[in-house]
Every structure is written in structure tokens, then in C-alpha cells.
Amino acid sequence: MAEALLRNKIKRNKIKWWDVASCGIQAEVGGKMSTNSKAVLEELGINTDKFMPRQLTQALIEKSTLVVCMTKSQQTMLEACGNITCVMDICGFDVPDPYGCSIDVYRLTREALDKACDKIIENYIKTFKEE
């Protein structure tokens, strides 16, 4: 959901100097987005047909400008990899994984991610262009 939301916001803000991709710590490579994730994104008109889960690797971390974990505990797990921050550091809250929960929990997660994406755009992406 985070990738789709941020990609959508980047496009709407006409940001052409930044791209976004998501990776999972335990991604089901070759799988697909969960039904509930897809449903809550489609409620906003966001198409997810091209989404493909991929596993986070050290090489991906090293070539990324910014790596944002959803939770502080994920950041702690990955901090030795370098170049890692988390939503807690950016927004003051974690975004727990809603996997297996009800559609309403996915909507709450979408709303938290929406706020996080706005902060990432303001505090990182837009300032990056100014450097």
C-alpha cells in the first residue's frame, strides 16, 4: 500500500525527480498484493495491477536515496545495513502490518500511510530537489 500511495502522490504533485519502490523483509516473491490492500487502494482509484512483491536486499538499500521502514522495530532489525529510517522518526507513529486483519484495519493503515506519504514528500522529496 505504501508504494502505491506514495507513487500516486508523487504523480499528482508532478514530481519527476523521484521514484518509489517497496520491498518486504519477508516478502512473498512471485505473490501478489493482498486482497484487502488492493480493495482499499481501489477505493481511492489507485490501480495495483502491476505491483509485484520483492524481497529487500542490501544491494537495494545501498542504491536507494531513502529507505523507510513501517515500524521502529523493523528499523532496529535493519540498522546495521545503513541508510534506514522509519515512519516513527518521520511522523511519530508506527504503521503496523494489517495482514490478516479486517478491511477496516486496512483502511486505518491506508490512512496512516497517507499521512506518512505527505510528510515524506514535504520533508524529504521536495527538499531533495532543492539541494
Side-chain angles (χ1 to χ4, degrees):
M1 282 194 290
E3 176 184 338
L5 285 166
L6 187 55
R7 187 177 300 281
N8 181 266
K9 286 177 177 284
I10 286 172
K11 184 177 181 178
R12 284 194 338 227
N13 282 283
K14 296 180 173 64
I15 295 170
K16 300 192 185 297
W17 64 91
W18 198 273
D19 194 15
V20 61
S22 65
C23 299
I25 295 171
Q26 298 176 336
E28 185 182 323
V29 177
K32 58 183 178 175
M33 182 177 286
S34 75
T35 303
N36 283 347
S37 291
K38 186 175 177 73
V40 301
L41 290 168
E42 287 176 350
E43 289 173 357
L44 299 178
I46 298 174
N47 185 307
T48 61
D49 291 342
K50 295 180 182 176
F51 178 79
M52 297 291 291
R54 65 181 178 166
Q55 187 67 36
L56 181 66
T57 65
Q58 183 65 40
L60 288 171
I61 291 170
E62 290 171 3
K63 68 182 195 180
S64 297
T65 302
L66 179 66
V67 178
V68 181
C69 296
M70 297 296 105
T71 65
K72 191 72 168 173
S73 63
Q74 289 172 338
Q75 179 188 27
T76 301
M77 183 185 345
L78 296 170
E79 65 190 351
C81 298
N83 193 28
I84 306 289
T85 192
C86 67
V87 174
M88 175 68 80
D89 292 343
I90 296 168
C91 300
F93 57 83
D94 276 339
V95 181
D97 189 348
Y99 186 77
C101 295
S102 71
I103 191 87
D104 290 329
V105 173
Y106 276 79
R107 286 184 184 112
L108 291 171
T109 301
R110 179 191 66 200
E111 296 309 312
L113 287 170
D114 189 63
K115 290 175 187 169
C117 289
D118 288 341
K119 291 239 182 204
I120 290 167
I121 288 171
E122 275 311 306
N123 298 337
Y124 292 90
I125 297 173
K126 284 186 177 177
T127 61
F128 186 83
K129 185 180 182 191
E130 295 169 4
E131 292 179 356

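Treat the numbers as computed from the prediction; the structure is a model and nothing was measured.
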With the 4.5 Å side-chain cut-off for hydrophobic clustering, are [X] and [Y] part of the same group?
{"X": "Met88", "Y": "Val67", "answer": "no"}
{"X": "Leu56", "Y": "Val68", "answer": "no"}
{"X": "Val95", "Y": "Leu44", "answer": "yes"}
{"X": "Tyr124", "Y": "Ile84", "answer": "no"}
{"X": "Leu108", "Y": "Ile103", "answer": "no"}

Suppose we screen for side-chain contact (heavy atoms from CB on, under 4.5 Å). Which residues come up paired with Ser73, at least two apart in sequence or across chains?
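side-chain contact (heavy atoms from CB on, under 4.5 Å) list for Ser73, sorted by chain: Thr71.
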
With sequence neighbours excluded, what pairs up with Lys119 under the side-chain contact (heavy atoms from CB on, under 4.5 Å) test?
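Listed in chain order: Ile90, Cys91, Asn123.
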
NZ (Lys9) with more than 12 external heavy atoms under 6.0 Å
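Correct, the count exceeds 12.
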
Is there side-chain contact between Asp94 and Val87, with at least one heavy-atom pair below 4.5 Å?
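The answer is no, as the side chains (C-beta and beyond) never meet within the 4.5 Å cut-off.
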
Do the side chains of Met52 and Lys32 get nearer than 4.5 Å, heavy atoms only?
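Sidechains of Met52 and Lys32: no contact.
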
Tell me, with the steps shown, if Cys69 and Leu78 meet side chain to side chain contact (heavy atoms under 4.5 Å, CB included).
CA-CA 9 Å; Cys69 296; Leu78 296 170; 3.8 Å; yes

Minimum-distance pair of heavy atoms, taken over all atoms of Ser64 and Asn83
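Looking at all heavy atoms of both residues, the shortest contact is O-ND2, 2.7 Å.
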
Of all the heavy-atom pairs spanning Pro53 and Gly31, show the shortest one and how long it is.
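Scanning both residues completely, I find the closest heavy atoms to be CD-O, 3.3 Å.
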
Pick one: which of Thr48, Asn47, Leu113 meets side-chain contact (heavy atoms from CB on, under 4.5 Å) with Leu41?
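Only one option passes, and that is Thr48.
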
Option among Cys117, Ser37, Ser34 that satisfies the side-chain contact (heavy atoms from CB on, under 4.5 Å) test with Met1
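Result for side-chain contact (heavy atoms from CB on, under 4.5 Å) with Met1: Ser37.
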
Non-neighbouring partners of [X] that pass side chain to side chain donor-acceptor pair (under 3.5 Å), sequence neighbours left out:
{"X": "Thr109", "result": "none"}
{"X": "Asn36", "result": "none"}
{"X": "Asp104", "result": "Arg107"}

Inter- and intrachain pairs under salt bridge (charged side-chain N to carboxylate O under 4.0 Å, His left out), touching residues 44-66, at least two apart
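Those involving residues 44-66 are Lys38-Asp49.
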
Listing request: all ring pair (Phe, Tyr, Trp, His ring centres under 6.0 Å) pairs with a residue in residues 66-87, at least two apart in sequence or in separate chains.
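For residues 66-87, and leaving out neighbouring residues, there are no ring pair (Phe, Tyr, Trp, His ring centres under 6.0 Å) pairs at all.
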
Just grab all the ring pair (Phe, Tyr, Trp, His ring centres under 6.0 Å) pairs involving residues 45-103, residues at least two apart or on different chains.
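Those involving residues 45-103 do not exist here.
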
Residues in salt bridge (Lys or Arg N to Asp or Glu O under 4.0 Å) with [X], at least two apart?
{"X": "Lys72", "value": "Asp89"}
{"X": "Asp97", "value": "none"}
{"X": "Glu122", "value": "Lys126"}

Between [atom1] of [X] and [atom2] of [Y], what distance do you get to the nearest 0.5 Å?
{"X": "Ile125", "Y": "Ile120", "atom1": "CD1", "atom2": "CD1", "answer": "7.0 Å"}
{"X": "Gln58", "Y": "Ile61", "atom1": "CD", "atom2": "CD1", "answer": "5.0 Å"}
{"X": "Ile121", "Y": "Thr127", "atom1": "CD1", "atom2": "OG1", "answer": "11.5 Å"}
{"X": "Glu79", "Y": "Cys86", "atom1": "CD", "atom2": "SG", "answer": "10.0 Å"}

Let me see the working for Glu43 and Arg110 under side chain to side chain contact (heavy atoms under 4.5 Å, CB included), right down to the final yes or no.
CA-CA 11 Å; Glu43 289 173 357; Arg110 179 191 66 200; 2.8 Å; yes

Name the atoms and distances for all side-chain donor-acceptor pairs under 3.5 Å in residues 18-27, with sequence neighbours left out.
residue, atom, partner, partner atom, Å
Asp19, OD1, Arg7, NH1, 2.8
Ser22, OG, Glu3, OE1, 2.7

